Amino acid sequence: MRTLGVAVLGIFAGLAVGFTVFSELLGRLVVDNGEVEAPWTFVIGFGPQLTAVVGGILAVVIDNRVRRRQERQ
């Protein structure tokens with residue numbers, strides 16, 4: 001159950017980071033005369049989902065390492 005909770009927390013953290021980086025920062029950098037070119041729309045659109053997946057995986061990996069270190073002590 002703990003692993004599932006950590007994964008969900010990682011997904012939400014990844015979404016927050018993804019929306020901040022891709023939608024706000026990158027979106028403002030690539031806008032040209034009020035429009036965004038076609039390749040950048042895909043990057044901005046799918047970026048938060050990818051960071052959510054990475055965040056979930058990374059959270060589980062970090063939690064497993066912390067658990068192993070606590071078991072050794």
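For clarity, every value in this text was computed on a predicted model and none was experimentally measured.
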A.B. asks: Among pairs that include at least one residue of residues 36-57, which meet side chain to side chain donor-acceptor pair (under 3.5 Å), considering only residues two or more places apart or in two chains?
C.D. replies: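 Sorted result for residues 36-57: empty, none.
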A.B. asks: At their closest point, which heavy atom of Ile44 faces which heavy atom of Pro48, and how far apart are they?
C.D. replies: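 Heavy atoms only, the tightest pair is O-CD, 3.3 Å.
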A.B. asks: With clusters built from Ile, Leu, Val, Met, Phe, Trp and Tyr whose side-chain heavy atoms come within less than 4.5 Å, directly or transitively, what are the remaining members of the cluster of Leu58, listed by chain and number?
C.D. replies: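 Answer for Leu58: Ile62, Val66.
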A.B. asks: Other than Leu25, what residues sit in its cluster of Ile, Leu, Val, Met, Phe, Trp and Tyr side chains whose heavy atoms are under 4.5 Å apart, directly or through others?
C.D. replies: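 Traced through the cluster, Leu25 reaches no other member.
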A.B. asks: How would you list, by chain and number, every residue that makes a side chain to side chain contact (heavy atoms under 4.5 Å, CB included) with Val54, sequence neighbours excluded?
C.D. replies: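 Val54 satisfies side chain to side chain contact (heavy atoms under 4.5 Å, CB included) with no residue once adjacent residues are dropped.
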A.B. asks: Of the non-hydrogen atoms in Ala59 and Gly10, which two are nearest, and what is the gap between them?
C.D. replies: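 Nearest pair, atom of Ala59 first, then Gly10: CB-CA, 3.7 Å.
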A.B. asks: Hey, what do you get for CG (Leu26) to OG1 (Thr20), rounding to the nearest 0.5 Å?
C.D. replies: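 Answer for the CG-OG1 pair, Leu26 versus Thr20, is 12.5 Å.
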A.B. asks: Check side chain to side chain contact (heavy atoms under 4.5 Å, CB included) between Ala7 and all other residues, then give those that pass, not counting sequence neighbours.
C.D. replies: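 For Ala7 the side chain to side chain contact (heavy atoms under 4.5 Å, CB included) partners, ignoring immediate neighbours, are Val60.
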A.B. asks: Looking at residues at least two apart in the chain, or sitting in another chain, which of them share a side-chain hydrogen bond (donor to acceptor under 3.5 Å, both in side chains) with Arg72?
C.D. replies: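 Arg72 satisfies side-chain hydrogen bond (donor to acceptor under 3.5 Å, both in side chains) with no other residue.
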A.B. asks: Indicate if Val43 and Val36 have the same hydrophobic cluster label, given that clusters are the connected sets of ILVMFWY residues with side-chain heavy-atom separations under 4.5 angstrom.
C.D. replies: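 Yes; Val36 is reachable from Val43 via cluster members.
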A.B. asks: With ILVMFWY side chains joined below 4.5 Å, transitively, what does Phe42's cluster contain besides itself?
C.D. replies: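 Same cluster as Phe42: Phe46.
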A.B. asks: Could I get the full list of salt bridge (Lys or Arg N to Asp or Glu O under 4.0 Å) partners for Arg65, not counting sequence neighbours?
C.D. replies: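 Scan of Arg65 (salt bridge (Lys or Arg N to Asp or Glu O under 4.0 Å), adjacent residues dropped) gives none.
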A.B. asks: Residues two or more places apart in sequence or in another chain: which of them pass side-chain hydrogen bond (donor to acceptor under 3.5 Å, both in side chains) with Arg28?
C.D. replies: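 In terms of side-chain hydrogen bond (donor to acceptor under 3.5 Å, both in side chains), with neighbours along the sequence ignored, Arg28 is linked to Glu24.
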A.B. asks: Output all residues satisfying side-chain hydrogen bond (donor to acceptor under 3.5 Å, both in side chains) with Thr3, sequence neighbours left out; order by chain, then residue number.
C.D. replies: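 Once residues adjacent in sequence are excluded, the partners of Thr3 under the side-chain hydrogen bond (donor to acceptor under 3.5 Å, both in side chains) criterion are Arg67.
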